[in-house]
**Student:** 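Let me give you the structure first, and then I'll get to my questions.
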Amino acid sequence: MSVEPQLPVPDSGPRPDPAEAPAGKAADETLEDYTLRFAPRSYRRWTPMVVATTALGGIAYMADFSIGAGIGLTHGTGNALAAILVAAVVIFVTGFPLAYYAARYNIDLDLITRGSGFGYYGSVLTSVIFASFTFIFFALEGSIMAQGLKLGFGLPLWLGYALSTCMVIPLVVYGMKALSKLQVWTTPVWLLLMVGPLLYLIATDPGTVHTFLSYRGAHGNGGINAASVLLGAGVCLSLIAQIGEQVDYLRFMPPKTDGNRRSWWTAVVMAGPGWVVLGALKQAIGVFLAVYVLSEVGAASATEPIRQFTGAFAAMMPSWLVIPLAVVLVVISQIKINVTNAYSGSLAWTNSFTRVTKRYPGRMVFVLANLAFALVLMEADMFSFLNSVLGFYSNCAIAWIVTVATDIIVNKYLLKLSPQAPEFRRGMLYAVNPVGVVSFTAASGLSIALYFHALGDALQPYSPVAAAVIAFVLTPLTAVLTKGRFYLRRTTDGIGAPLLDPDGNPSPARYTCHVCRQEFERPDLAACHRHAAVICSLCLSTDRTGAHVLPAAPAS
């Protein structure tokens, strides 16, 4: 039986044991930025275009130039461009449903994953994978910035690593409020410095285009080779998890109404799956610039963005201005992306830790932890084995994202086995849903085995394809075999008021959580099993005894 408290819920009733309540710092959402929960309408005051600009500012990373350069110098321009295109199509298709759910229902990718095949605790595994993505790419970007500081100011790399790590801390403390201002103001300068040199070289020296297009690479034969394309696509597909960082911003989209429908959809597509268009362009530019500077700096340095842009700037401006501008570009890019990496990583780590331990230490603890992981990787010279790390990582990322996207597209909308409205609250979900967990584990496990030549050298390039295909097939198959019965532990949260308003947006009705005494909007609450009152999702997450969690009541 579900508990139906009277609405509005009175601010009364016995107080639970303080040990069952979350830390008081969680109430300061200016700092915590809705780490484990739905982002309420009262906080989402930005226009769709401001949210989109903020989200797109987070893809200013320079690693794309290195990724493209590494693929191009190894396999040739033709194979590199084909690999970039293949990866971009996969990333766009899988990213669209995730971006829509985040913007429509105002929840991050971990909360989406919980209700899209993984279960309340099952998604901890993918949260750790996403957190790993953020500190891996933080390390890459920090390494690139350290290279720029060494070239521009003579700083030793170890000091550059430390500086690039510490400088983002004050910027990431205040979450979306601070990041939106940073990204909006720095994006025009970044775009000008990135695109300007390319346009100048093409306009003044058309021969560079021919050299670029005809480059065969160290292992290329001048033609398009399927193995080379798939190997390159596997590296590019390591970026598929970037949609998680886009979603961390898209969850702050305003409600979709008839008045803002066009701008709302434009922002969702641009800042959601649309990020890959700019990402693919940067990878292609990386190939172009690497080929351009190859004869001057050598293959080892041609993959370094600071060398690429120093060579490009040298062709269009006085020598005294070349290195300062290249350093400015690298520093701006590193700040723009690494505040996002630190921010998103802190959300993912906090989500995982709180669910497993039922303790809420605060987001800033994990900002520092994520930065520490990244600094260790930088000091270990991760940049020197970039493509190997990304090629391995991509198998896990592909399996996860394809599983969640397939659950939304196929299981929710085609097979109707998964509930369309996302659910994330403890007590409403089973601990583990085999649909996502089995599909992800099988897809990532087999693809990693392929990547490490366990099934022979001939199949090794196909590991990313295996990850995507296995996840795509097993996700609906497992849902059919289990008849979708492991998605919802309950069909009602015990509150009579609807979750959605007449426009289909999350309801803004507010009620008081009887544990922490804070007000929350309707989607962030459930009835309390112990009292005739409601409890917020964070207090449910930190309820160590489970006394407030509603009992199972599956559909008959």
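In what follows, residues are counted from 1 in the order of the sequence shown.
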**Student:** Are Leu213 and Val209 packed together at the side-chain level, in the sense that at least one heavy-atom pair is separated by less than 4.5 angstrom?
**Tutor:**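 When only atoms from C-beta onward are counted, Val209 and Leu213 do touch, with a gap below 4.5 Å.
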**Student:** Would you list the pairs meeting salt bridge (Lys or Arg N to Asp or Glu O under 4.0 Å) in which at least one residue belongs to residues 453-477, sequence neighbours left out?
**Tutor:**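 Every pair satisfying salt bridge (Lys or Arg N to Asp or Glu O under 4.0 Å) with a residue in residues 453-477: there are none.
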**Student:** Is there side-chain contact between Ser346 and Asn370, with heavy atoms separated by less than 4.5 Å?
**Tutor:**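 When only atoms from C-beta onward are counted, Asn370 and Ser346 do not touch, as no gap falls below 4.5 Å.
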**Student:** Quick check: does any side chain N or O of Thr134 sit under 3.5 Å from a backbone N or O of Ala131, one acting as donor and the other as acceptor?
**Tutor:**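 Here the side-chain-to-backbone pair exists.
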**Student:** Would a line drawn from the ring center of Tyr100 to the ring center of Trp265 be shorter than 6.0 Å?
**Tutor:**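 Yes, close enough.
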**Student:** Could you check whether the rings of Phe486 and Tyr430 sit parallel, tilted or perpendicular, using 30° and 60° as the cut-offs?
**Tutor:**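 Because their plane-to-plane angle is over 60°, the rings of Phe486 and Tyr430 count as perpendicular.
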**Student:** Checking Leu415 now: which residues fulfil side chain to side chain contact (heavy atoms under 4.5 Å, CB included) with it, not counting sequence neighbours?
**Tutor:**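 With neighbours one apart ignored, the set is Val410, Asn411, Leu417, Pro476, Val480.
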**Student:** For Asp110, what residues pass the salt bridge (Lys or Arg N to Asp or Glu O under 4.0 Å) criterion, not counting sequence neighbours?
**Tutor:**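 Asp110 satisfies salt bridge (Lys or Arg N to Asp or Glu O under 4.0 Å) with Arg114, Arg355 once adjacent residues are dropped.
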**Student:** With under 30° as parallel and over 60° as perpendicular, where do the rings of Tyr101 and Tyr413 fit, or are they tilted in between?
**Tutor:**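 Correct class here is perpendicular.
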**Student:** So, does Gln246 use its side chain to make a donor-acceptor pair with the main chain of Gly272 at under 3.5 Å?
**Tutor:**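 Not at all, since once roles are kept as given, no pair shorter than 3.5 Å links the two residues.
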**Student:** Start with the C-alpha gap between Trp349 and Phe373, add the side-chain angles, then the distance that decides, and say whether ring pair (Phe, Tyr, Trp, His ring centres under 6.0 Å) holds.
**Tutor:** CA-CA 12 Å; Trp349 284 121; Phe373 289 138; 5.7 Å; yes
**Student:** Scan residues 63-82 for pairs that pass salt bridge (Lys or Arg N to Asp or Glu O under 4.0 Å), counting only residues two or more places apart or in two chains.
**Tutor:**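 Sorted pair list: Asp64-Lys282.
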**Student:** With sequence neighbours left out, write down each residue that passes ring-ring contact (aromatic ring centres under 6.0 Å, His included) with Phe353, or none if nothing qualifies.
**Tutor:**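 Expected list: Phe366.
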**Student:** With a 3.5 Å distance limit and no angle check, can you tell me whether Lys412 reaches the backbone of Pro419 through a side-chain donor-acceptor pair?
**Tutor:**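 A pair under 3.5 Å: yes.
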**Student:** Hey, would you say the Phe424 and Tyr120 ring centroids sit under 6.0 Å apart?
**Tutor:**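 Not under 6.0 Å, so no.
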**Student:** With sequence neighbours excluded, tell me which residues meet salt bridge (Lys or Arg N to Asp or Glu O under 4.0 Å) with Arg425.
**Tutor:**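 Once residues adjacent in sequence are excluded, the partners of Arg425 under the salt bridge (Lys or Arg N to Asp or Glu O under 4.0 Å) criterion are Glu423, Asp493.
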**Student:** Assign the ring pair Phe133 / Phe137 to parallel, tilted or perpendicular, where the plane angle (0 to 90°) is split at 30° and 60°.
**Tutor:**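 Aromatic pair Phe133/Phe137 classed tilted.
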